[in-house]
Amino acid sequence: MPGLNRNQMAWRAAQDIADGTVINLGIGIPVLASDHLPAGRDVFFQSENGVIGVGPAAAPNEADTDLVDAGSRTITLRSGATIIDSTASFAMIRGGHIDVTILGAFEVAANGDFANWDSRIPDKGPLVGGAMDLAVGAREVWAIMEHNTRQGAPRLLERCALPLTAVRCVRRVFTDIAVIDVTDAGFVVRELLPDVSVERLHARTGAPFTLAQDFKPLVVPPLPV
Amino acid sequence: MPGLNRNQMAWRAAQDIADGTVINLGIGIPVLASDHLPAGRDVFFQSENGVIGVGPAAAPNEADTDLVDAGSRTITLRSGATIIDSTASFAMIRGGHIDVTILGAFEVAANGDFANWDSRIPDKGPLVGGAMDLAVGAREVWAIMEHNTRQGAPRLLERCALPLTAVRCVRRVFTDIAVIDVTDAGFVVRELLPDVSVERLHARTGAPFTLAQDFKPLVVPPLPV
Amino acid sequence: MAIDKRVQSAAAAMEGVRDGAVVFISGFGGAGFANKLLVALRDHGAKELTLVVNSATHRLSLTHELIAAGQVRKVIASAGRGRDAGLSVFEQLLKDGKMEFECVPQGTFAERIRAGGAGIPAFYTPVAYGTDLARGKEVRTINGRDCVLETAISGDLALLRADIADRFGNLTFRHAQMNFGPAMATAAKLAVAEVRATQDEPIAPDRVQLSGVFIDRVVAVGA
Amino acid sequence: MAIDKRVQSAAAAMEGVRDGAVVFISGFGGAGFANKLLVALRDHGAKELTLVVNSATHRLSLTHELIAAGQVRKVIASAGRGRDAGLSVFEQLLKDGKMEFECVPQGTFAERIRAGGAGIPAFYTPVAYGTDLARGKEVRTINGRDCVLETAISGDLALLRADIADRFGNLTFRHAQMNFGPAMATAAKLAVAEVRATQDEPIAPDRVQLSGVFIDRVVAVGA
């Protein structure tokens with residue numbers, strides 16, 4: 001029973017991006033969301049390195065290592081873009097000027113606690129980057145992650161086991177099988193893959209959840225992996 | 001026995017401005033110092049409103065209210081000038097990037113305490129402007145003031161009577177009769193008008209002072225008032 | 001829908017401004033006063049305003065019209081002194097106890113506004129330590145430096161003046177127009193810029209001096 | 001004497017750098033790495049350095065050459081993880097206890113450097129509250145927001161990359177070259193920029209992106 005692939009998860013998250021917003025996309029699956037934005041939505045993608053208005057990736061023959069995003073991707077700029085320095089960029093992030101950030105995640109707790117920076121790889125050096133700043137500063141934090149680890153353990157938990165990125169910050173989670181809001185009353189499942197039963201979802205989720213009043217099937221188009 | 005006039009005090013202060021420095025001149029007498037800089041000294045005048053490289057005052061027919069200094073004077077820009085915003089300007093000031101500020105003063109104490117913002121005019125609104133920021137932030141603070149009040153009271157004191165602008169910050173004082181350093185050992189008179197005796201200076205000064213090892217007469221050219 | 005932050009008039013730019021608003025007003029020394037917006041705010045009539053403005057009384061700013069119209073409850077500024085020997089309306093209100101005033105060193109003023117827009121709730125600064133303006137404030141010695149704790153200023157509305165705005169709200173400034181404008185825009189829920197001219201085509205990326213992300217409405221008012 | 005901050009070579013730009021220096025290194029994601037200056041600093045040979053750099057290990061930066069040469073005692077960064085599954089030299093030194101490392105959230109990293117250059121000894125930020133990176137730090141609730149106290153970072157040397165420098169040290173940057181450079185220049189006693197080209201004539205006032213007031217030496221190194 002395969003769940004959504006990476007592009008499908010990114011597509012689903014992209015559908016919730018409102019017109020006119022300023023968004024920061026984390027590396028990995030989140031950054032793919034920019035490819036799946038519904039037509040007619042005019043948004044600005046901000047990147048931590050100071051690019052306000054990231055456009056599509058640069059064509060290989062136009063790639064310029066001076067024009068990159070925070071993930072070191074060579075990019076283009078959209079119409080109306082500008083570039084600021086890192087201090088100003090993080091002032092923008094921490095100051096609440098980013099409407100939404102979509103970040104990859106390891107774990108999300110029912111109270112919104114968020115773990116996405118330290119998976120405790122033995123001996124490898126630490127890497128926090130801008131994750132904590134985004135998780136604290138953006139008006140809304142959305143997480144994208146597989147619903148379960150490769151070993152089958154749940155990533156949606158009563159309490160995070162991995163080191164936290166920030167406390168009580170996640171508002172919505174897009175997994176490969178469900179869309180889940182994090183509310184004052186805990187997890188609320190908004191959408192679920194049609195071939196996953198609610199019982200199965202309970203078995204795969206590490207904390208209680210309720211179904212949203214407008215609970216509905218999670219439907220995405222076929223997309224390349 | 002007249003002392004130096006305003007331009008002569010400004011001239012004397014200007015002689016001590018080292019080549020290559022970044023300077024902020026307060027309103028009143030200090031700003032006149034830019035007219036009396038010795039030939040061959042290449043310096044940048046910074047103004048609190050963000051102008052880095054204030055040039056001569058604008059000709060009346062070229063005056064532009066968008067191009068002003070912190071004293072609302074319409075100015076020109078020198079070669080190599082730029083303009084930054086107020087936050088960056090005061091970051092520059094507070095961060096120790098201004099080599100010298102020359103400020104008008106009401107009182108200076110023997111420990112360097114400085115009073116230049118509140119002369120207790122009844123009912124008039126307070127006005128602090130950038131004085132406190134400059135007094136704390138500049139690497140050196142020089143004060144220019146008449147040696148005595150109109151009533152003859154000393155302005156160089158054991159302790160300031162007027163509200164302080166900053167504690168222990170003044171390094172040098174240019175008055176209409178003397179040039180005085182403020183040191184860990186108190187006031188040290190470096191130069192004195194030839195027709196003012198040391199005894200007379202004691203009588204006109206509100207704190208003890210010593211004479212510098214290289215004590216010499218204060219000599220300035222004739223200048224228009 | 002294509003982003004377009006241009007509005008048709010200064011009056012339209014004041015839509016939704018409420019009584020009790022904390023209003024940032026940019027401008028310094030004659031440059032960057034948003035006088036068209038100030039007149040619009042006066043005509044809009046919002047009352048009980050707190051103004052955050054470098055000078056309560058600069059002769060080239062129309063801030064005093066809001067004060068004279070009785071719309072202002074409090075002013076936070078580095079300068080509140082009128083030019084004349086007599087008392088300005090502001091000073092008279094202050095004397096009569098009908099106006100609150102918070103006097104802030106200009107650099108601390110700018111930094112507190114930046115902090116408001118940058119998500120820094122408070123910071124320590126050596127400025128004002130040992131002076132009357134630090135009275136009642138927490139002090140602390142950090143690395144041998146005596147400091148005062150200062151808190152961020154956030155607000156509801158920012159009024160600034162710039163030169164050109166594109167439809168994204170990106171701004172360029174003429175000469176010294178910037179001053180407090182960029183910081184104020186970041187610290188306000190609603191940031192409005194009056195500009196000499198607006199344009200449909202975007203300002204070149206390396207010419208933008210304030211990102212439109214911080215600007216909600218722009219209005220062309222001419223030179 | 002006319003101000004002229006141009007020096008003839010990257011080696012000359014390192015004159016006076018001492019063992020034990022705290023060295024800021026700009027650059028992020030491939031843009032703005034001062035790799036010519038990094039090589040010059042390696043050849044200069046100063047030891048026991050503390051590096052303040054966003055990433056200890058970015059593949060497009062030559063920071064790792066200083067580390068491999070044994071010149072580095074400590075790194076302050078937001079990233080210290082090598083790309084490969086195996087351990088980088090930096091990670092191996094860290095594992096062996098031969099390298100100190102301070103991991104800082106990237107925005108806090110930038111803000112602490114700005115604070116160092118802006119005369120703000122410390123500030124409160126909500127970032128990292130409740131996480132391992134706040135361990136041992138003072139916490140405080142300000143206006144209902146849980147915060148951590150962070151202190152300024154100041155240093156001895158800043159190495160940055162820009163596009164054009166004039167003789168006053170004014171700089172322009174290409175695209176995303178700026179990143180940490182401007183803040184680092186303000187926080188260092190000696191700020192050096194390598195640039196594509198220098199010019200005698202001043203950069204136009206409204207094109208300058210970092211004032212030469214913050215820059216001590218510039219060296220043209222080509223594209």
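To find a chain, count down the sequence lines: A is the first, B the second, and so on, and within it residues start at 1.
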Subject >> side chain to side chain contact (heavy atoms under 4.5 Å, CB included) between N54(C) and E48(B), intermediate numbers included >> reply: CA-CA 12 Å; N54(C) 181 57; E48(B) 300 97 287; over 6 Å; no
Subject >> Reported CH2-to-OG distance for the pair W117(B) and S78(C), which is rounded to 0.5 angstrom >> reply: 10.5 Å
Subject >> Approximate separation, where rounding is to 0.5 Å, of S86(B) OG and I113(C) CD1 >> reply: 8.5 Å
Original post:
Looking at R174(C), Q209(C), Q92(C), which makes the most heavy-atom pairs under 4.5 Å with chain B?
Top reply: R174(C)
Original post:
Looking at CG of L67(B) and NE2 of H175(C), how far apart are the two atoms once the value is rounded to the nearest 0.5 Å?
Top reply: 5.0 Å
Original post:
Just how far is it from atom OG1 of T108(C) to atom CZ of R94(B), taken to the nearest 0.5 Å?
Top reply: 6.5 Å
Subject >> Neighbour count above 12 (heavy atom, 6.0 Å) for I27(B) CD1 >> reply: no
**OP:** Check the surroundings of atom CZ in R42(C): do more than 12 heavy atoms from other residues, nucleotides or ligands lie under 6.0 Å from it?
**Re:** yes
**OP:** Return yes if some donor-acceptor pair links the side-chain N/O of K124(B) with the main-chain N/O of E91(C) below 3.5 Å, else return no.
**Re:** no
Original post:
Mind checking whether S47(B) and F28(C) have side chains closer than 4.5 Å, heavy atoms only?
Top reply: no
Original post:
Counting N and O atoms only, with roles assigned by atom type, does the side chain of D133(B) sit under 3.5 Å from a partner on the main chain of Q106(C), one being a donor and the other an acceptor?
Top reply: yes
**OP:** Select one option (side chain, backbone, both, neither) describing which atoms of R161(C) are under 4.5 Å from chain B's heavy atoms.
**Re:** neither
Subject >> Side chains of V136(B) and R145(C) in contact at under 4.5 Å (non-hydrogen atoms) >> reply: yes
**OP:** Count the heavy atoms of every other residue, nucleotide or ligand shown that sit under 6.0 Å from NZ of K137(C), and state whether that count exceeds 12.
**Re:** yes
Original post:
Between A70(B) and chain C, which part of the residue has a heavy atom less than 4.5 Å away: side chain, backbone, both or neither?
Top reply: both
Subject >> Which of I84(B), T87(B), V167(B), T82(B) touches chain C most, by non-hydrogen pairs under 4.5 Å >> reply: T87(B)
Original post:
Looking at G71(B), G129(B), G50(B), which one has more heavy-atom pairs under 4.5 Å with chain C than the rest?
Top reply: G129(B)
**OP:** Give the member of P182(C), G107(C), A56(C), C103(C) that has the highest number of heavy-atom pairs under 4.5 Å with chain B.
**Re:** G107(C)
Original post:
Side chain, backbone, both or neither: which part of T57(C) has a heavy atom under 4.5 Å from chain B?
Top reply: neither
Subject >> Residue A85(C) versus chain B: region with a heavy atom under 4.5 Å >> reply: backbone
Subject >> Heavy-atom pair count under 4.5 Å with chain B, highest-scoring of D146(C), V104(C), N179(C) >> reply: N179(C)
Subject >> Proximal component of R112(C), with respect to chain B [non-hydrogen, under 4.5 Å] >> reply: neither
Original post:
Do other residues, nucleotides or ligands put more than 12 heavy atoms under 6.0 Å from R159(B) CZ?
Top reply: no
Subject >> F101(C) portion near chain B, given a 4.5 angstrom heavy-atom threshold >> reply: side chain
**OP:** Identify which of T165(B), D69(B), D64(B), I93(B) forms the greatest number of heavy-atom pairs closer than 4.5 Å to chain C.
**Re:** D64(B)
Original post:
How many angstroms lie between CZ in F109(C) and CE in M132(B), if you round to the nearest 0.5 Å?
Top reply: 15.0 Å
Original post:
Is there a side-chain contact between F173(C) and D66(B) (heavy atoms, below 4.5 Å)?
Top reply: no
**OP:** Apply the test side chain to side chain contact (heavy atoms under 4.5 Å, CB included) to residues R81(C) and I121(B): give CA-CA distance (whole Å), side-chain angles for both, the deciding distance (0.1 Å), then the verdict.
**Re:** CA-CA 10 Å; R81(C) 186 175 303 163; I121(B) 309 170; 4.2 Å; yes
Subject >> Engaged part of D84(C) at the chain B interface, taking heavy atoms whose separation is under 4.5 Å >> reply: backbone
Subject >> Residue among G82(C), A183(C), A77(C) with most heavy-atom pairs under 4.5 Å to chain B >> reply: G82(C)
**OP:** Could you pull out the closest heavy-atom pair between G125(B) and L94(C), with the gap in Å?
**Re:** CA-CD2, 4.3 Å
**OP:** Quick one: which of D123(B), L77(B), T74(B) has the most heavy-atom pairs under 4.5 Å with chain C, could you say?
**Re:** D123(B)
**OP:** Determine the minimum heavy-atom distance between N49(B) and A176(C), stating which atoms define it.
**Re:** ND2-CB, 3.8 Å
Original post:
So which residues of residues 192-199 of chain C are in contact with chain B at a heavy-atom cut-off of under 4.5 Å?
Top reply: none
**OP:** Determine whether more than 12 heavy atoms belonging to other residues, nucleotides or ligands lie under 6.0 Å from atom CG of D96(C).
**Re:** yes
